[in-house]
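To start, the structure under review is shown below, and the notes come after it.
Position 1 is the first residue of the sequence; numbering continues from there.
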Amino acid sequence: MGQIKVEKKAGGIDGLCVIEPLVHNDARGYFMETYNQRDMEQAGLAMQFVQDNQSCSCKGVLRGLHFQKKFPQGKLIRVIKGSVYDVSVDVRTGSKTFGKWFGINLTEENKKQLYIPEGFAHGFLVLSDVAEFCYKCTDFYCPGDEGGIAWNDPEIGIAWPQLTGKYPGSACAENYQLTDGTPLILSEKDQNWKQLKDTF
């Protein structure tokens, strides 16, 4: 019981929750519960998960900003190796914070988790040499249902850390790099998403 601490309304956005598990450290290493349904329900988080995903990415990779259109997914996110800057953008129709973003460093050291409810676009930038990223989903991945928003949309104005470059009028990664010279790496699909105003 009581194995998590939950910060609700992260960044002033309803539904976003930063979750910190209780970590038990000793000379051998550590132990923690990465998910406990009872503790989550006691914190007022009663979502049900149906799918677990894991990805591995190298430094400079940016994935996002993604969402599912007809079958939106809530996601419980954590990093098990390395570090990423994780971003959520509220795209819920009628929301008072529509278009507002929240970012957080998720690392293997801080062991923080982020719960992103349905109705958000999501993405992350890898800041370590390698990052392994895990997340639980409240709905299944549906091929053909994916939508997206340009990661560098000036209307949203995400302050990606350690990233330099000038907005070229599109989501193209060319001419962007981390401050140590690592080039920004995006999939072809992620370089073709439109701005928020053109998507909704």
Side-chain angles (χ1 to χ4, degrees), residues 10-11 16 18-19 34 51-69 72-91 99-116 120-137 140-196 198-199:
L16 283 182
V18 176
I19 299 167
T34 61
Q51 181 176 313
D52 279 18
N53 297 336
Q54 182 167 338
S55 69
C56 182
S57 305
C58 62
K59 190 173 189 176
V61 166
L62 193 154
R63 297 179 185 263
L65 300 163
H66 303 151
F67 60 91
Q68 288 196 165
K69 295 177 280 189
Q73 296 172 305
K75 298 176 180 178
L76 180 62
I77 293 165
R78 64 192 179 100
V79 169
I80 61 173
K81 181 178 182 179
S83 63
V84 310
Y85 189 69
D86 195 270
V87 171
S88 307
V89 179
D90 187 352
V91 295
K100 185 174 180 180
W101 67 276
F102 172 74
I104 184 173
N105 287 305
L106 300 177
T107 74
E108 63 179 303
E109 289 82 17
N110 70 25
K111 298 178 175 55
K112 291 182 179 180
Q113 300 181 28
L114 179 67
Y115 178 65
I116 307 169
F120 283 74
H122 169 253
F124 64 88
L125 171 64
V126 178
L127 301 175
S128 53
D129 289 340
V130 175
E132 292 186 21
F133 188 90
C134 298
Y135 56 106
K136 306 173 83 66
C137 301
F140 298 103
Y141 171 70
C142 295
D145 189 45
E146 188 174 42
I149 304 169
W151 64 274
N152 58 348
D153 182 348
E155 181 180 337
I156 300 172
I158 298 168
W160 297 99
Q162 301 181 35
L163 190 61
T164 63
K166 186 176 181 181
Y167 179 61
S170 72
C172 179
E174 190 176 354
N175 299 322
Y176 283 97
Q177 62 182 12
L178 298 184
T179 50
D180 67 357
T182 301
L184 183 65
I185 305 168
L186 279 87
S187 69
E188 182 178 352
K189 178 174 61 177
D190 286 347
Q191 296 186 75
N192 287 304
W193 297 123
K194 305 299 183 184
Q195 293 184 32
L196 181 70
D198 299 318
T199 306

What one should report as the nearest heavy-atom pair of G60 and L184 is O-CD1, 3.3 Å

Q.
Are L163 and L178 packed together at the side-chain level, in the sense that at least one heavy-atom pair is separated by less than 4.5 angstrom?
A. yes

Value for CG (L76) from SG (C137), rounded to nearest 0.5 Å, stands at 9.5 Å

Start with the C-alpha gap between V89 and I158, add the side-chain angles, then the distance that decides, and say whether side-chain contact (heavy atoms from CB on, under 4.5 Å) holds.
-> CA-CA 9 Å; V89 179; I158 298 168; 4.1 Å; yes

> Hey, are the side chains of R63 and S187 touching, using non-hydrogen atoms and a 4.5 Å cut-off?
Replying inline: no

Item checked: Check: I185 and S57 side chains under 4.5 Å, non-hydrogen atoms -> no

ask   = Can you list the steps and then say if F67 with T199 is a side-chain contact (heavy atoms from CB on, under 4.5 Å)?
value = CA-CA 12 Å; F67 60 91; T199 306; 4.1 Å; yes

In this structure, CG of L114 is separated from CG of N105 (nearest 0.5 Å) by 11.5 Å

Review point. Which is it for L65 and W101 under the side-chain contact (heavy atoms from CB on, under 4.5 Å) test, yes or no, and what are the steps along the way?
Key: CA-CA 11 Å; L65 300 163; W101 67 276; over 6 Å; no

In terms of heavy-atom contacts, P161 and Y85 come closest through CD-CD2, 3.2 Å

* To do: Output yes when a side-chain donor or acceptor of T164 lies under 3.5 Å from a complementary backbone atom of Q177, and no otherwise.
  => yes

Tell me if the NZ atom of K111 is crowded by more than 12 foreign heavy atoms within 6.0 Å. yes

request  = Using atom types as modelled and distance alone, determine if a side-chain donor or acceptor of T107 lies under 3.5 Å from a backbone N or O of S83.
outcome  = no

| message | Could you walk me through whether T182 and D180 satisfy the side chain to side chain donor-acceptor pair (under 3.5 Å) test, starting with their C-alpha distance in whole Å, then the side-chain angles of each, then the deciding distance to 0.1 Å, before giving a yes or no? | response | CA-CA 6 Å; T182 301; D180 67 357; 2.8 Å; yes

Crowding at CD, E174 (>12 non-hydrogen neighbours, <6.0 Å):
no

Shortest non-hydrogen pair, S55 vs F124, comes out as OG-CZ, 4.0 Å

*Run the side-chain contact (heavy atoms from CB on, under 4.5 Å) check on V79 and N110 step by step: do they pass?*
CA-CA 9 Å; V79 169; N110 70 25; over 6 Å; no

For T34, does its backbone N or O pair with a side-chain atom of Q113 as donor and acceptor, under 3.5 Å? yes

Heavy-atom donor-acceptor pair, Q51 side chain to F140 backbone, under 3.5 Å
no

Interatomic distance, NZ@K69 vs SG@C142, rounded to 0.5 Å, equals 11.5 Å

Can you confirm whether E188 is buried at CD, in the sense that more than 12 heavy atoms of other residues, nucleotides or ligands lie under 6.0 Å from that atom?
no

Quick check: do V130 and C56 have side-chain heavy atoms less than 4.5 Å from each other?
yes

Output for pair (I149 CD1, H66 NE2), nearest 0.5 Å, gives 10.5 Å

Correct closest heavy-atom pair for A171 and D190 would be CB-O, 3.6 Å

In terms of heavy-atom contacts, S88 and I116 come closest through OG-CD1, 3.1 Å

Item to complete: Give a yes or no answer on whether the side chain of D153 reaches the backbone of K194 with a donor-acceptor pair at less than 3.5 Å.
Response: no

Test your reading of the model: is there a side-chain donor-acceptor pair from Y176 to the backbone of Y167, 3.5 Å cut-off? yes

Between I77 and the options K136, K112, H122, the side-chain contact (heavy atoms from CB on, under 4.5 Å) test singles out H122

Any donor-acceptor pair under 3.5 Å from E108 side chain to G82 backbone: yes

- Message: Tell me whether W160 contacts the main-chain N or O of W151 through its side chain, where contact means a donor paired with an acceptor under 3.5 Å.
- Response: yes

For A131 and V84, the nearest pair of non-hydrogen atoms, with its separation, is CB-CG1, 3.7 Å

Output for pair (Q54 CD, F133 CZ), nearest 0.5 Å, gives 10.5 Å

